[in-house]
Amino acid sequence: MVGKLLLFTSLTLTLFAGNAYERECVACHQKLPMSLQRMFMNYLLVYSGETNTKVALKYYMRHPRKDTSVMSDLFLKNFAVKKPMTISDKVLDEAIDIYWEKYKVIGKLR
Ligand code: HEC
């Protein structure tokens, strides 16, 4: 019950502020030629399953490296490996949860 209330409150709050995913991910990714949806599908293909995918995403956001990237060499050559994210664990988890919820259905339909 308390959990539900908290969830509801945080959902309401994020609705007003633009959620963590929009603030921390979309804002920067808008400049890139490949959509966040395509990148998500690449992750699902390589890692599959909610836990694996989320752990891998989180790890990459903290430790981006050419040899663990799912992006092509050509893409990385043109855009370089991203910078490690320094936002708090809480916000990063929140952003990745939203990212997962947003695209997991499309992943299942594939
Ligand atoms: C400051 C800009 C910036 C921000 C903020 C950012 N990204 Fe990225 N992201 C990039 C760039 C540039 C690449 C392509 C280079 C690479 O893959 O390292 C990328 C690559 C990725 C990839 C492919 C990773 C791979 O294996 O190469 C995923 C998935 C991704 N971003 C998701 C996210 C999510 C989720 C967030 C928010 C938590 C986020 N990004 C925040 C710039 C950003």
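When a ligand or atom number is given, it counts from 1 through the structure's own listing order. What's counted below: heavy atoms across the whole structure, side chains too, no hydrogens, waters or symmetry copies.
Note: no N/O pair closer than 3.5 Å links Y21 and ligand 1 by distance alone. At a 3.5 angstrom cut-off on N or O pairs, E24 does not count as close to ligand 1. For ligand 1, the polar-atom distance check finds an N/O of Y60 within less than 3.5 Å of one of the ligand's N/O atoms.
At a heavy-atom cutoff of 4.0 Å, ligand 1 is contacted by the side chain of L92 but not by its backbone. When non-hydrogen atoms are compared, ligand 1 lies under 4.0 Å from the side chain of M85 (C-beta onward) but not from its backbone. Here F75 has side-chain heavy atoms under 4.0 Å from ligand 1, and that is the only part of it that gets that close.
Residue nearest to atom 11 (C) of ligand 1, selected from I87, L32, V70: L32 (by heavy-atom distance).
Closest approach of V81 and L76 over heavy atoms only: CG2-CD2, 4.1 Å.
At least one heavy atom of L36 sits closer than 4.0 Å to an atom of ligand 1.
The hydrophobic clustering, which links ILVMFWY residues whose side-chain heavy atoms are closer than 4.5 Å, places V91 and Y99 together. In the hydrophobic cluster analysis, where Ile, Leu, Val, Met, Phe, Trp and Tyr join through side-chain heavy atoms closer than 4.5 angstrom, V55 is grouped apart from I96.
Below 30°, between 30° and 60°, or above 60°: for Y103 and F40 the angle between ring planes is between 30° and 60°, a tilted geometry.
Within ligand 1, the atoms closer than 4.0 Å to a non-hydrogen atom of Y99 are 29 (C), 35 (C), numbered from 1 in the order shown. Using a 4.0 Å cut-off to heavy atoms of A80, the atoms of ligand 1 that qualify are 15 (C). Close approach of ligand 1 to V81 (heavy-atom distance below 4.0 Å) involves ligand atoms 18 (O).
Angle subtended at atom 8 (Fe) of ligand 1 by H29 NE2 and K82 NZ: 170°, rounded to 10 degrees.
Nearest protein heavy-atom contact of atom 34 (C) of ligand 1 is C25 SG, 3.5 Å.
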